[in-house]
Amino acid sequence: MSLHDDVEVILLDSQTVANRVAELGAQLSADYAGRDPVLVSVLKGALVFLADLMRAMDLPTSIDLMEVSSYGAGTETSGQVRILKDLSKPIEGRDVIVVEDIIDTGLTLNYLLGYLADRQPASIKICCLLDKPARRLAEISIDYRGFTIPDRFVIGYGLDYNERYRNLPYIGVLKPSVYGGAPPDG
Ligand code: 5GP
């Protein structure tokens, strides 16, 4: 039994992801030339993307990590977010790039953007690897986007189901038989 057996289909293989991450890194390096942006990521899903993206950037960047959890009953994203781990340094006057794994309803990021904006950074841009626009509830303008994907529950390259599959090197669709019934809510 291997992790790969639970994958219905590989949506984006590791070379495709690596190529796109390299492109995003080059684009960010050009756009932020002469500046030293701080990459702010949300644990844990964006970790793998952050690790690769920062190495594709030829800039004096720093990173900061936040951890959040959604409030509310059930598994639906509520848009009410609790900060479990805050920024470790002030971002006032800094150029912030929010590095996200996937934007689904957009509610989590919408809250986070307000939270970050209150801390008076010089600028905030969003860089997300995966955009799943089908279920969007909050309008979010994505500045840097890796891929637009269909409304499927994906795993791998940092993304989990019940904390598993984060270490798959590609992005795949989880077999529905693994979670049984309705797809899990992000
Ligand atoms: P949103 O507030 O945009 O609905 O939630 C975004 C978060 O839900 C992502 O950061 C991610 O943790 C989770 N999520 C959304 N879609 C998926 C998916 O297809 N697979 C996985 N593993 N997580 C998802």
Side-chain angles (χ1 to χ4, degrees), residues 3-4 6-14 16-17 20-21 24 39-53 63-85 87 96-117 124-186:
L3 281 184
H4 303 280
D6 291 344
V7 176
E8 183 173 279
V9 62
I10 295 178
L11 216 52
L12 301 162
D13 64 43
S14 57
T16 303
V17 174
R20 187 71 187 116
V21 173
L24 290 172
L39 307 177
V40 173
S41 255
V42 181
L43 292 168
K44 305 170 190 168
L47 261 191
V48 176
F49 179 40
L50 175 69
D52 284 345
L53 183 69
I63 61 168
D64 210 337
L65 299 168
M66 295 184 68
E67 187 169 7
V68 302
S69 82
S70 293
Y71 274 122
T75 53
E76 283 292 315
T77 311
S78 62
Q80 288 286 95
V81 173
R82 188 158 50 119
I83 309 282
L84 300 178
K85 186 210 169 298
L87 295 165
V96 171
I97 304 170
V98 178
V99 176
E100 259 288 24
D101 49 359
I102 183 166
I103 303 179
D104 185 18
T105 65
L107 293 174
T108 311
L109 188 55
N110 199 42
Y111 174 89
L112 202 66
L113 287 174
Y115 183 87
L116 294 173
I124 306 185
K125 299 269 185 194
I126 297 168
C127 176
C128 82
L129 182 66
L130 305 175
D131 180 12
K132 206 156 77 170
R135 305 201 319 148
R136 193 64 39 83
L137 294 175
E139 201 176 316
I140 299 220
S141 116
I142 301 172
D143 304 285
Y144 302 89
R145 174 192 288 101
F147 304 92
T148 301
I149 61 164
D151 188 11
R152 305 294 304 274
F153 189 80
V154 293
I155 46 159
Y157 198 74
L159 290 159
D160 77 311
Y161 172 63
N162 278 349
E163 294 301 327
R164 279 206 193 157
Y165 309 105
R166 293 192 197 277
N167 54 323
L168 284 175
Y170 50 77
I171 291 161
V173 175
L174 187 62
K175 279 185 185 162
S177 58
V178 175
Y179 49 80
D185 185 76

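What's counted below: heavy atoms across the whole structure, side chains too, no hydrogens, waters or symmetry copies. Read the numbers this way: they start at 1 and go in the same order the structure lists the ligands and their atoms.
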- Query: Could you give the distance from OG1 (Thr16) to CD1 (Ile171), rounded to the nearest 0.5 Å?
  - Reply: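 Rounded to the nearest 0.5 Å, the OG1-CD1 separation comes out at 9.5 Å.
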
- Once you round to the nearest 0.5 Å, how far does CE of Met66 lie from OG of Ser41?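 Those atoms lie 11.0 Å apart.
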
- Scan side-chain atoms only and decide if Asp6 and Tyr161 contain a donor-acceptor pair under the 3.5 Å cut-off. no

- Query: Taking the minimum heavy-atom distance to atom 4 (O) of ligand 1, which of Ile103, Thr105, Val68 ranks first?
  - Reply: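 Minimum heavy-atom distance to atom 4 (O) of ligand 1 goes to Thr105.
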
- Message: Looking at non-hydrogen atoms alone, which of Ile102, Leu159, Ile155 comes nearest to atom 7 (C) of ligand 1?
- Response: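 Considering heavy atoms of Ile102, Leu159, Ile155, the nearest to atom 7 (C) of ligand 1 sits in Ile102.
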
- Query: So, are Arg136 and Glu139 salt-bridged, with charged N and O less than 4.0 Å apart?
  - Reply: no

- Query: Taking heavy atoms and a distance under 4.0 Å, where does Arg152 meet ligand 1: side chain, backbone, both or neither?
  - Reply: backbone

- Message: Residue-level breakdown please: for Asp101 versus ligand 1, do any non-hydrogen atoms fall below 4.0 Å on the side chain, on the backbone, on both, or on neither?
- Response: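 Side chain only.
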
- What pair of heavy atoms forms the shortest contact from Glu8 to Arg152, and how long is it? OE2-NH2, 2.6 Å

Tell me whether [X] reaches ligand 1 (any heavy atom closer than 4.0 angstrom to a ligand atom).
{"X": "Gly106", "answer": "yes"}
{"X": "Leu109", "answer": "no"}
{"X": "Phe153", "answer": "yes"}
{"X": "Arg135", "answer": "no"}

- How are the rings of His4 and Tyr170 set relative to one another: parallel (under 30°), tilted (30 to 60°) or perpendicular (over 60°)? tilted

- From the list Val96, Ile97, Ile103, Val99, side-chain contact (heavy atoms from CB on, under 4.5 Å) partner of Ile126 resolves to Ile103

- Item | Distance-only N or O hit between ligand 1 and Thr108, under 3.5 Å |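 Checking ligand 1 against Thr108, an N or O pair does fall under 3.5 Å apart.
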
What are the atoms of ligand 1, with element, lying closer than 4.0 Å to any heavy atom of [X]?
{"X": "Lys132", "value": "16 (N), 17 (C), 18 (C), 19 (O)"}
{"X": "Glu100", "value": "10 (O)"}
{"X": "Asp160", "value": "21 (C), 22 (N)"}

- Are any side-chain N or O atoms of Lys125 and backbone N or O atoms of Tyr144, one a donor and one an acceptor, separated by less than 3.5 Å?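 Judged by distance alone, no pair lies under 3.5 Å.
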
